[in-house]
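Atoms considered below: every heavy atom in the structure, side chains included; atoms not considered: hydrogens, waters and symmetry mates. Nothing here was measured: the structure is a model prediction, and the numbers come from that model.
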Amino acid sequence: VLEKHKITATNSTPYTSETNGSAENSIHQVRHLARIAMHMSSAPANLWPHAVTYATQVHNVTRFRCVGGKRVTVWEAFTRNQPDIQLFRIFGALAFAHRAPITDKLKPTTERGLFVGLDYHSTRMKILIPSTGKIRTTLDATIVEDRFFFNDSIAAPTAPLAEPTV
């Protein structure tokens, strides 16, 4: 089949995805983003698929391609719409998914969980609730972006650093 279409198959150098075409380069970048998200949030290994999915979403709305002489994101090239990045949050951030109205006034109104991404088919956030092992897909959640669920370290500086004195 390759000879019929005058295609020559060649092998690439191992462990150098950046020389093996744009698809392999994108896979490398997504894997790198997912690894950073897992490390920064101290998430357990079983959340790796969620980290890769989220890294893919981030990659698709931040990487630029040239289409028809115009720089567009991967998302724009595929859908012809500008991506909505308002719901993007820090992977593994502490999240409180709001529950439906309940009749008992003393019960908690939220479930404690962690932000693991966005739903591809809607504009909702995915919150993993570790106490139940289930993922809630919701628009009604509070994300605490300066705290991680698995460690209570600060995700990002909340105030500018002071200028060094000489």
Side-chain angles (χ1 to χ4, degrees), residues 14-15 17-18 20-65 72-161:
Y15 308 109
S17 59
E18 56 278 345
N20 198 16
S22 62
E24 289 293 332
N25 190 12
S26 292
I27 291 168
H28 173 75
Q29 290 173 0
V30 165
R31 199 174 3 189
H32 183 69
L33 286 170
R35 192 177 299 117
I36 289 170
M38 292 289 289
H39 176 73
M40 291 297 296
S41 66
S42 299
N46 65 331
L47 293 183
W48 176 253
H50 297 291
V52 170
T53 301
Y54 187 64
T56 302
Q57 292 171 327
V58 170
H59 179 269
N60 287 343
V61 299
T62 58
R63 285 280 300 186
F64 287 94
R65 302 250 189 255
V72 296
T73 65
V74 176
W75 181 263
E76 285 175 283
F78 187 70
T79 66
R80 296 192 176 134
N81 294 320
Q82 272 196 316
D84 181 10
I85 59 172
Q86 291 180 359
L87 292 177
F88 278 86
R89 299 291 184 264
I90 297 173
F91 180 86
L94 181 62
F96 295 93
H98 299 275
R99 294 182 178 169
I102 51 178
T103 56
D104 188 348
K105 293 181 182 182
L106 299 178
K107 284 191 176 180
T109 59
T110 61
E111 290 179 282
R112 189 174 190 267
L114 65 140
F115 177 81
V116 292
L118 301 172
D119 183 48
Y120 265 117
H121 306 292
S122 67
T123 56
R124 297 174 183 263
M125 296 177 274
K126 294 191 308 188
I127 310 296
L128 173 65
I129 310 297
S131 62
T132 63
K134 296 188 179 192
I135 292 183
R136 294 253 332 258
T137 305
T138 181
L139 276 175
D140 196 12
T142 300
I143 312 296
V144 185
E145 289 191 272
D146 63 348
R147 299 279 180 217
F148 288 116
F149 180 87
F150 289 106
N151 64 25
D152 206 21
S153 67
I154 296 175
T158 55
L161 298 175

Smallest separation among heavy atoms of Asn81 and Trp75, with atom names: O-CD1, 3.3 Å

Heavy-atom closest contact (Val52 atom, Val30 atom, distance): O-CG1, 3.8 Å

Nearest atoms (heavy-atom pairs only) where Phe150 meets Leu47: CE1-CD1, 3.8 Å

Side chain to side chain contact (heavy atoms under 4.5 Å, CB included) partners of His39, counting only residues at least two apart: none

Test side chain to side chain contact (heavy atoms under 4.5 Å, CB included) applied to Gln29 - qualifying residues, sequence neighbours left out: Asn25, His59, Arg63

Partner set under side chain to side chain donor-acceptor pair (under 3.5 Å) for Arg89, not counting sequence neighbours: none

Pairing residues for Ala93 by the side chain to side chain contact (heavy atoms under 4.5 Å, CB included) criterion, not counting sequence neighbours: Ile90, Ile143

Under the side chain to side chain donor-acceptor pair (under 3.5 Å) test, residues paired with Gln57 that sit two or more places apart: none

Residues in side chain to side chain donor-acceptor pair (under 3.5 Å) contact with Thr137, at least two apart in sequence or another chain: none

Qualifying salt bridge (charged side-chain N to carboxylate O under 4.0 Å, His left out) pairs with a residue from residues 128-144, counting only residues at least two apart or across chains: Glu111-Arg136

Residues forming a side chain to side chain donor-acceptor pair (under 3.5 Å) with His98, sequence neighbours excluded: Thr142

Derivation and outcome, side chain to side chain contact (heavy atoms under 4.5 Å, CB included), residues Phe96 and Val144: CA-CA 8 Å; Phe96 295 93; Val144 185; 3.9 Å; yes

Selection residues 117-130 - residue pairs positive for salt bridge (charged side-chain N to carboxylate O under 4.0 Å, His left out), sequence neighbours left out: none

CG-OG distance between Asn60 and Ser26, expressed to the nearest 0.5 angstrom: 8.5 Å

All side chain to side chain contact (heavy atoms under 4.5 Å, CB included) counterparts of Thr62, not counting sequence neighbours: Val58

Criterion side chain to side chain contact (heavy atoms under 4.5 Å, CB included) on Arg31 and Trp48, from CA distance to verdict: CA-CA 10 Å; Arg31 199 174 3 189; Trp48 176 253; 4.0 Å; yes

Minimum-distance pair of heavy atoms, taken over all atoms of Arg112 and Ile129: O-CG2, 3.9 Å

Crowding at CD1, Ile85 (>12 non-hydrogen neighbours, <6.0 Å): no

Heavy-atom pair of closest approach, residues Leu87 and Phe115: O-CZ, 4.1 Å

Atom of Ala141, atom of Ala97 and distance for their closest heavy-atom approach: CB-CA, 4.1 Å

Contacts of type ring pair (Phe, Tyr, Trp, His ring centres under 6.0 Å), residue Phe88, not counting sequence neighbours: Tyr54

